[in-house]
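Below, chain A is the first sequence line, B the second, and so on; all start at residue 1. We use all heavy atoms of the structure for the numbers below, so side chains are in, but hydrogens, waters and symmetry mates are not.
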4 protein chains.
Amino acid sequence: MARGTVGRPRDTRAHAAILEAVRELLTDVGYERLTIERVAALAGVGKQTVYRWWPSKSALVAEAVLAGLIRVDAYMPEATGNLATDVRAWLVAALETQADPSRAALVRGLAAAAADRVEDADRLYTELTGPARQELIAYLAHGLGSGQIRQDADLGVVADTLAATMLYRVLTHRPAPTPREIDDLVTLVVGGIGTRAAAT
Amino acid sequence: MARGTVGRPRDTRAHAAILEAVRELLTDVGYERLTIERVAALAGVGKQTVYRWWPSKSALVAEAVLAGLIRVDAYMPEATGNLATDVRAWLVAALETQADPSRAALVRGLAAAAADRVEDADRLYTELTGPARQELIAYLAHGLGSGQIRQDADLGVVADTLAATMLYRVLTHRPAPTPREIDDLVTLVVGGIGTRAAAT
Amino acid sequence: MARGTVGRPRDTRAHAAILEAVRELLTDVGYERLTIERVAALAGVGKQTVYRWWPSKSALVAEAVLAGLIRVDAYMPEATGNLATDVRAWLVAALETQADPSRAALVRGLAAAAADRVEDADRLYTELTGPARQELIAYLAHGLGSGQIRQDADLGVVADTLAATMLYRVLTHRPAPTPREIDDLVTLVVGGIGTRAAAT
Amino acid sequence: MARGTVGRPRDTRAHAAILEAVRELLTDVGYERLTIERVAALAGVGKQTVYRWWPSKSALVAEAVLAGLIRVDAYMPEATGNLATDVRAWLVAALETQADPSRAALVRGLAAAAADRVEDADRLYTELTGPARQELIAYLAHGLGSGQIRQDADLGVVADTLAATMLYRVLTHRPAPTPREIDDLVTLVVGGIGTRAAAT
DNA sequence: GCATAAACGAGACGGTACGTCCCGTCTTTGA
DNA sequence: TCAAAGACGGGACGTACCGTCTCGTTTATGC
């Protein structure tokens with residue numbers, strides 16, 4: 001007999017309400033002042049229902065944030081094959097997404113959760129930046145065509161650098177970058193690739 | 001009579017012991033489980049003595065971390081004037097410094113403090129990365145000589161990118177980069193400057 | 001159509017297992033730390049099966065205790081007609097019964113249940129001491145013969161006094177009384193009756 | 001240096017407020033529904049202040065009840081030397097005291113605490129009935145004069161019997177006894193002493 | 001023999017209270 | 001006047017049970 005079907009089944013609405021409450025509190029009061037009791041109260045749920053499914057505040061926040069961020073699909077323009085143009089387009093789109101204050105709050109919440117639970121900080125950031133990184137690499141590779149350069153390595157460095165820079169901006173509450181700053185960053189990154197490509 | 005000098009003077013040893021206790025606890029148990037009571041107990045000090053001088057846990061941690069990091073003077077090799085060589089030398093020296101686990105714990109503690117108090121996250125990161133940024137810019141500028149390029153802007157982007165990348169590595173518990181990865185990063189950054197310099 | 005016989009009939013083994021589990025827990029951990037969940041787990045029964053048949057912990061304990069105590073039939077010696085001898089014989093037999101630690105635990109459990117539910121404290125004690133009281137009165141009356149004294153009133157007082165004294169001993173964890181103490185109690189009680197008989 | 005005087009001294013008003021709150025709750029809702037949180041809230045005190053000074057609910061209740069009962073000084077009439085008269089006078093005075101519903105609630109609370117913590121049930125009842133027992137023995141002995149009988153043993157049995165009977169009445173919510181019942185009890189108890197005295 | 005109906009085990013649910021830790025404040029003694 | 005000690009009112013922790021509520025399953029009755 002299947003063991004998984006014994007007893008009252010899990011209430012999926014309660015599950016969803018908890019994650020939504022976490023995101024709401026993250027935006028409203030931040031990670032430190034988010035408490036399990038407030039989450040439960042806001043979700044209209046018993047405390048034990050939270051503890052039954054998540055072992056800690058940081059794990060709860062991690063799942064809520066990652067689930068919340070994944071729901072948001074970034075608009076991605078067509079790749080043109082011109083590296084500078086494409087990098088700038090991706091960067092502008094990504095910055096626009098980040099401009100949403102509640103999204104920034106979620107990212108900051110995840111950073112706090114990672115600081116809290118050192119043991120899975122790595123995993124959290126991987127899950128956070130991984131999809132964007134893959135997407136960016138695919139986007140640029142498609143635009144560039146094939147055979148030009150050691151794309152995998154180079155584009156990996158580019159993607160990491162851009163991810164790090166954007167995370168840094170969020171964590172430090174930097175205002176949106178000026179066009180000039182965007183220019184500089186694109187030039188830096190694209191120039192690097194160009195140089196390496198020329199040298200190879 | 002001077003008002004400020006009336007009564008028992010502040011105990012500088014208690015002050016130092018508190019900051020040291022904070023750093024020890026950050027390394028041992030992390031930001032979340034660091035409490036004022038533990039700090040006071042570890043420092044052999046009354047709780048009130050902590051509250052008298054610092055308004056919050058995050059402020060206390062911020063001061064302790066910044067004071068702790070500043071004490072560590074990074075060894076900085078002579079600039080050669082070859083940009084790639086100099087950037088790599090600085091990067092290697094910086095990575096070596098970061099490799100110290102307790103120093104990484106301090107940086108993570110500061111990140112948690114910043115996540116805790118959004119209002120001065122900006123200031124904290126500025127104080128954390130500012131000196132390194134200035135130092136890097138001066139180091140590279142000195143090596144490059146003058147008049148070549150729009151150094152301030154270009155080097156600023158380089159410095160920010162490197163700072164972001166190194167913070168990202170610490171927060172995500174990345175292992176020390178391989179020589180290959182260092183190569184790639186140097187190429188990216190230096191290539192960018194070269195490109196822009198050539199274009200100007 | 002008979003409404004009461006439709007559906008699966010009550011499981012008498014579960015019923016008995018629950019009561020037995022209650023008695024076991026009363027002996028082992030006492031009334032306060034006895035919980036419905038522990039009872040259900042120990043009886044190998046779902047919680048709902050307990051709640052289906054008993055409205056409260058105190059009602060459950062009351063039934064379990066009374067059922068448990070009734071099962072124990074006290075040995076009762078032949079009445080001789082000599083009041084002092086008969087009272088002493090009954091008292092010794094009763095004290096022997098009470099000496100069983102698990103029986104004492106049951107009585108204490110009932111006292112706790114009564115303290116818990118004031119509204120039927122009276123009923124609980126009546127059901128607890130009632131049978132013993134009747135038995136004692138009948139025993140003494142039979143021994144005494146008839147027509148001597150206002151037996152009902154006198155013997156009622158005697159019975160109440162003895163019941164109260166024995167309950168008091170159990171609740172206060174008094175050690176078994178010495179022969180001397182038994183003597184004194186018998187003398188007190190019998191002397192009272194004799195006096196009244198003489199005076200009438 | 002005296003260790004006991006370091007730090008902020010205990011707040012005696014909070015202490016008193018807690019005990020008073022316990023007594024109020026015992027009267028209002030009974031032992032089982034009295035919770036530490038309600039006590040603290042009613043006393044206007046933090047929960048920790050309760051836990052700092054009392055290890056458990058039963059210990060708290062025990063102290064509150066005993067302190068509360070001791071405060072009530074029973075009126076005690078002059079002893080006449082006539083044993084029956086004196087016993088009846090004491091019994092009537094004691095019954096009158098017990099008639100106060102809040103006092104009865106306190107006694108029931110103590111019984112519940114004793115059932116809860118078997119290990120000091122003995123002590124609790126001793127402290128509860130001890131003073132009354134001593135007082136009764138002294139009262140009767142003074143009235144009887146000296147040299148008549150083995151007073152200590154006899155009066156001890158009388159006192160125990162009366163204490164047990166009165167506790168039993170409280171626990172079982174018996175209504176106030178009729179004059180007839182009082183008569184019977186006095187006769188029983190006094191007759192016993194008389195008999196023994198005559199026999200000696 | 002097949003629908004209806006109740007009892008059963010399991011266990012998730014919204015809650016209450018537990019006893020503990022820590023918050024930031026206050027009140028004492030001692031230097 | 002500062003500092004240690006430590007008690008204070010309060011908030012949140014993570015756990016144990018409360019009494020209720022689905023589930024799938026079992027065991028009876030009666031059409």
Please state whether the phosphate of [N], meaning OP1 or OP2, lies under 4.0 angstrom from any side-chain nitrogen or oxygen of [X].
X: C/Trp53; N: E/dC8; answer: yes
X: C/Trp54; N: F/dG19; answer: no
X: B/Arg52; N: F/dA3; answer: yes

query = Hey, does D/Leu60 have a side-chain heavy atom less than 4.5 Å from the side chain of D/Leu19?
reply = yes
query = Step by step, would you call C/Leu110 with C/Glu127 a side chain to side chain contact (heavy atoms under 4.5 Å, CB included)?
reply = CA-CA 11 Å; C/Leu110 191 71; C/Glu127 292 185 21; over 6 Å; no
message = Would you compute the distance between atom CG of A/Leu34 and atom CZ of A/Arg23 and round it to the nearest 0.5 angstrom?
response = 12.0 Å
Separation between CG of D/Leu124 and CD of D/Glu63, rounded to the nearest 0.5 Å = 11.5 Å
Can you tell me the distance, in whole Å, between the [atom1] atom of [X] and the [atom2] atom of [N]?
X: C/His15; N: E/dG9; atom1: NE2; atom2: C1'; result: 18 Å
X: D/Arg13; N: F/dA7; atom1: CZ; atom2: P; result: 18 Å
X: B/Ile18; N: F/dA3; atom1: CD1; atom2: C1'; result: 11 Å

note = Applying ring-ring contact (aromatic ring centres under 6.0 Å, His included) to C/His15 and not counting sequence neighbours gives C/Trp54
message = On the side chain of C/Arg8, is there an atom forming a donor-acceptor pair with the base of F/dA28 - under 3.5 Å, no angle test?
response = no
note = Result for 5'-nearest mapping on DNA chain E, choosing between C/Ala43 and C/Gly7, is C/Gly7
query = When the nearest nucleotide of DNA chain E is assigned to A/Thr49 and to D/Pro9 on a heavy-atom basis, which residue is associated with the more 5' position?
reply = A/Thr49
task = For C/Arg13, look at atom CZ and say whether over 12 heavy atoms of other residues, nucleotides or ligands are found less than 6.0 Å away.
result = no
query = What nucleotide, of F/dC8, E/dT28, E/dG14, holds the atom closest to the side chain of A/Val45?
reply = E/dG14
message = I need a per-nucleotide contact map over nucleotides 16-21 of chain E, read 5' to 3'. Cutoff is protein heavy atoms under 4.0 Å; write B for the base, S for backbone only, - otherwise.
response = -BBBBB
inquiry  = Reading DNA chain F from 5' onward, which residue's closest nucleotide shows up sooner: D/Gly44 or B/Gly44?
reply    = B/Gly44
ask   = What side chain to side chain donor-acceptor pair (under 3.5 Å) pairs are there with at least one residue in residues 27-36 of chain C, not counting sequence neighbours?
value = C/Tyr31-C/Asp116
